[in-house]
Amino acid sequence: MLSRVADKIYWMSRQIERAENMARILGVTSNMVLFGTKETREQNLLAPLTITDSADRYFEQKKPVTLQGLVDFLALDPDNPSSIYSCLRSARENAHAVRWQITSEMWESLNTTWLEMRRVRRSEIAGAGATKFFDWVKDRSHLFRGVTYGTIMRGDAFNFSRLGTFLERADNTARILDVKYHVHLPSVKDVGGALDHYQWTALLRSVSSFETYCTLYRDQVLPINVAQLLILERRMPRSLAACFDQVTQAMERIEGHDRAAKRLASELHARLTNADIEEIFKDGLHEYLTECIADMNELAVRIQRAYLGTA
Amino acid sequence: MERRQKYDEMHAADGGVRPHFGPVAEWLAQTPASRVAEKRREADLLFHRVGITFAVYGDEAGAERLIPFDTIPRVIPKAEWDELARGLRQRVDALNRFLHDIYHGQEILKAGAIPAEQVLKNAGFQKEMRGVDLPNRVYSNIAGIDLVRHSDGKYYVLEDNLRTPSGVSYMIENRKMMMRLFPELFERQTVLPVEHYPSMLLETLRASAPPRVRDPVVAVLTPGQYNSAYFEHAFLAQQMGVELVEGADLFTKDNVVYMRTTSGRQRVDVIYRRLDDAYLDPLAFRKDSMLGVPGLFAAYRAGNVALANAVGTGVADDKSTYPYVPEMIRFYLKEEPILANVPTWHCGRPRDLAHVLENLAQLVVKEVQGSGGYGMLVGPAASRSELGVFRKLLKENPRNYIAQPTLSLSTCPTFVKHGVAPRHVDLRPYVLSGKEVKLVPGGLTRVALKEGSLVVNSSQGGGTKDTWVVE
């Protein structure tokens, strides 16, 4: 497959997944700011900026951090390259460039998403409308992934699409989990309290895994279990381990002489397979996740170099 | 060329239906208007969904439009087509021989059949192509020859397109659409197939590979998704099962061309390029070209890659070279031309210019290098001020223009707002030259949808029709 075509398919899939994750993060944030003290509210509002590495950019605007401000910036801002709006636009542009190498259903799905996004009014996603909008973004992403899985030939177009989807998802899960580190609780006595419980639950809901948690642990929401679920539990489709099952599968199917990217992918996969959550906690969850995010970033660089040409 | 009543493809002068149009006329009379209208809406929807669109220059970037598709076919009897096909093969053969000659021995210039300056000073003449030997000595592997039928009932060649003629995808898609919408029409008579064009094209391209290559790798080179004919580039690549590449997908090393793929570099032997000469290679032609491949021309000259069409064909399809094509046929083939040329005045010649200026309101004036209906004056349809503008242009730069009598293009019944009415049509068959010269029975019929209009170009509001050659 031409590198340029693979590149567009990979990024198209990353961007739609990124839009979905952004909707998840904003969805849970808009819920969390309804609770807690003034201080925790402020921290919760900062979380989406921390997760997406875009705090500096936000503060350049010299605007206070409010929910509406976040929605404007992270969902609707056409100049912010990681806003939902921009992700849907780029995904559609990439699809347009390769519409003869993907199925017409895939193209139509992304094209329709973009046309609908353009019709969205700011006033419609204020207050209660926000949830509806975030749900719509998630639905469009689910639809696209389903259409892709159900229609495209099993070949490099499929492989690079899967690679993009699951690398992006793994990165997001790691960042969402890591943000707990930044959101300090007001005092030590709150650990394990109602507020803490609420925040961990919200985190689980943001990655659609509250029900899975209940099924697997039948216990109150404990940080170590949440980390186990989101990092190591292969049955949870948004966990790092589950994402890396998909990443390594896709990498194995891709033909090519590259070793560097494939080796790193298997290394990361093996590390996730053999890890122990108690040890991770002993050495520090934040340190572990920071390393994961850096390694995934390095993997993306190597994939770009080996298959997709310089970005 | 005397002027008489217009020639209608369906109706003879006495109003009767020509026999080869019988089944279509009968079907038109029997089918209720509401059903036809419904089918036309269905066609629009299908074209949109499949994405058969074209971009229009000057519109918002990337804006896409449908080319209007008319559901009444244009029918040509087989005997008439066979004669046309003979004429087309003859003409393209002579044009290819001409191109080989002017880039080698220049016999035709030595013999004085064509003035040397007409060729050597032509902007389309590529000096770098002198002495370059091409597989099968073919320069224009894919030629689109524009034909019109005058009121005398005869076909005339209006223009040769030897560089990157487009439109063939519409020929194929129009047929698919007609078969899908009106299968019953195809039961009434035998329509010769055109759908094998892509496989004929692939065969032609593979036959044009550098001689040492056993199993040639073919690619289609496009300027990219914002090009007006991008749909066609993608369509043909997909139908032939070859890669659709952009300039940045290719690179050269030691005079060999490679594609960048996910499993490393892959050698390319034949490039069906839909990119003008000027943009092919920034090292050889326009330095600012972002669309081309540095080093491509050197690899080409070294014989390591074939380009279809070849570099330097523009000199032969230039409107100022056009009047000499009958001479080429006589010179190289020792035959009389089967297809007629339209009488043409060369504004570069003082006597011709005087005639043109005097009769401007009756003539069609065209820019020598123009295409797509841009830079052209249709005298009888022009306003006073438009005539004035061209008068000035002609005096300033006469060599840049040719003039022809206004042909009364034949008409074909066409759906318009208020029913069916005659509209002017032309015909572009596609001639393929590899080891041999061949073509599918049919071509693209373009129709001027505006009443009385003679401009059929899609960029100027023209539509298309399915073209049937019937037994």
Side-chain angles (χ1 to χ4, degrees), chain A residues 1-10 12 89 92-112 114-115 118 153 155-164 250-262 302-311, chain B residues 45-55 60-64 169 173 198 217-227 229-251 257-268 271 274 290-291 293:
Chain A
M1 167 169 270
L2 288 176
S3 295
R4 174 179 51 87
V5 172
D7 181 67
K8 306 261 182 208
I9 291 174
Y10 168 83
M12 164 185 91
R89 183 184 52 202
R92 189 263 181 191
E93 266 169 23
N94 281 324
H96 186 251
V98 296
R99 65 201 267 195
W100 304 98
Q101 282 87 17
I102 59 179
T103 63
S104 50
E105 285 100 325
M106 287 167 73
W107 156 246
E108 278 167 27
S109 159
L110 286 182
N111 193 37
T112 307
W114 168 238
L115 294 177
R118 279 210 308 191
M153 189 180 95
D156 276 343
F158 177 69
N159 297 335
F160 282 102
S161 168
R162 299 295 277 184
L163 203 51
M251 295 283 282
E252 276 161 24
R253 288 189 301 255
I254 292 166
E255 286 174 36
H257 321 297
D258 151 77
R259 292 259 60 92
K262 285 186 177 176
R302 290 190 190 180
I303 287 171
Q304 194 77 40
R305 202 182 297 139
Y307 306 111
L308 309 176
T310 41
Chain B
L45 208 73
L46 285 169
F47 273 127
H48 257 304
R49 219 171 62 200
V50 191
I52 305 177
T53 54
F54 76 111
E60 180 196 343
E64 288 163 6
S169 54
E173 285 296 326
V217 173
V218 177
V220 178
L221 174 61
T222 173
Q225 58 174 307
Y226 297 113
N227 183 268
Y230 179 72
F231 159 73
E232 178 159 301
H233 308 160
F235 174 88
L236 290 172
Q238 194 193 37
Q239 296 282 309
M240 291 192 287
V242 304
E243 294 291 358
L244 175 68
V245 298
E246 295 177 12
D249 295 326
L250 300 177
F251 68 98
V257 183
Y258 299 96
M259 299 190 266
R260 296 174 216 274
T261 81
T262 52
S263 44
R265 66 184 195 186
Q266 188 185 359
R267 185 169 176 152
V268 182
I271 300 174
R274 297 291 297 257
M290 304 289 287
L291 305 169
V293 186

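Reminder, nothing fancy here: chain letters follow the sequence lines and each chain counts from 1. Because only heavy atoms are used, hydrogens play no part in the values below, and waters and symmetry mates are left out as well, while side chains stay in. What you see is a predicted model, and the numbers here were worked out from it, not measured in a lab.
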Exceeds 12 heavy-atom contacts within 6.0 angstrom, atom CD of B:Q238: yes

About how many Å separate [atom2] of [Y] and [atom1] of [X], when rounded to the nearest 0.5 Å?
{"X": "A:Q101", "Y": "B:E243", "atom1": "CD", "atom2": "CD", "answer": "7.0 Å"}
{"X": "B:L250", "Y": "A:R4", "atom1": "CG", "atom2": "CZ", "answer": "9.5 Å"}
{"X": "A:H96", "Y": "B:Q225", "atom1": "NE2", "atom2": "CD", "answer": "5.5 Å"}
{"X": "B:T262", "Y": "A:M1", "atom1": "OG1", "atom2": "CE", "answer": "7.0 Å"}

Within the distance-only criterion (no hydrogens, no angle test), does the side chain of A:S3 pair as donor or acceptor with the backbone N or O of B:T261 below 3.5 angstrom? yes

Atom group of B:Q266 that falls short of 4.5 Å from chain A, counting heavy atoms: neither

Heavy-atom closest contact (A:L2 atom, B:L244 atom, distance): CD1-O, 3.2 Å

Please determine, among A:A306, A:A6, A:A97, the option with the most heavy-atom pairs under 4.5 Å with chain B. A:A97

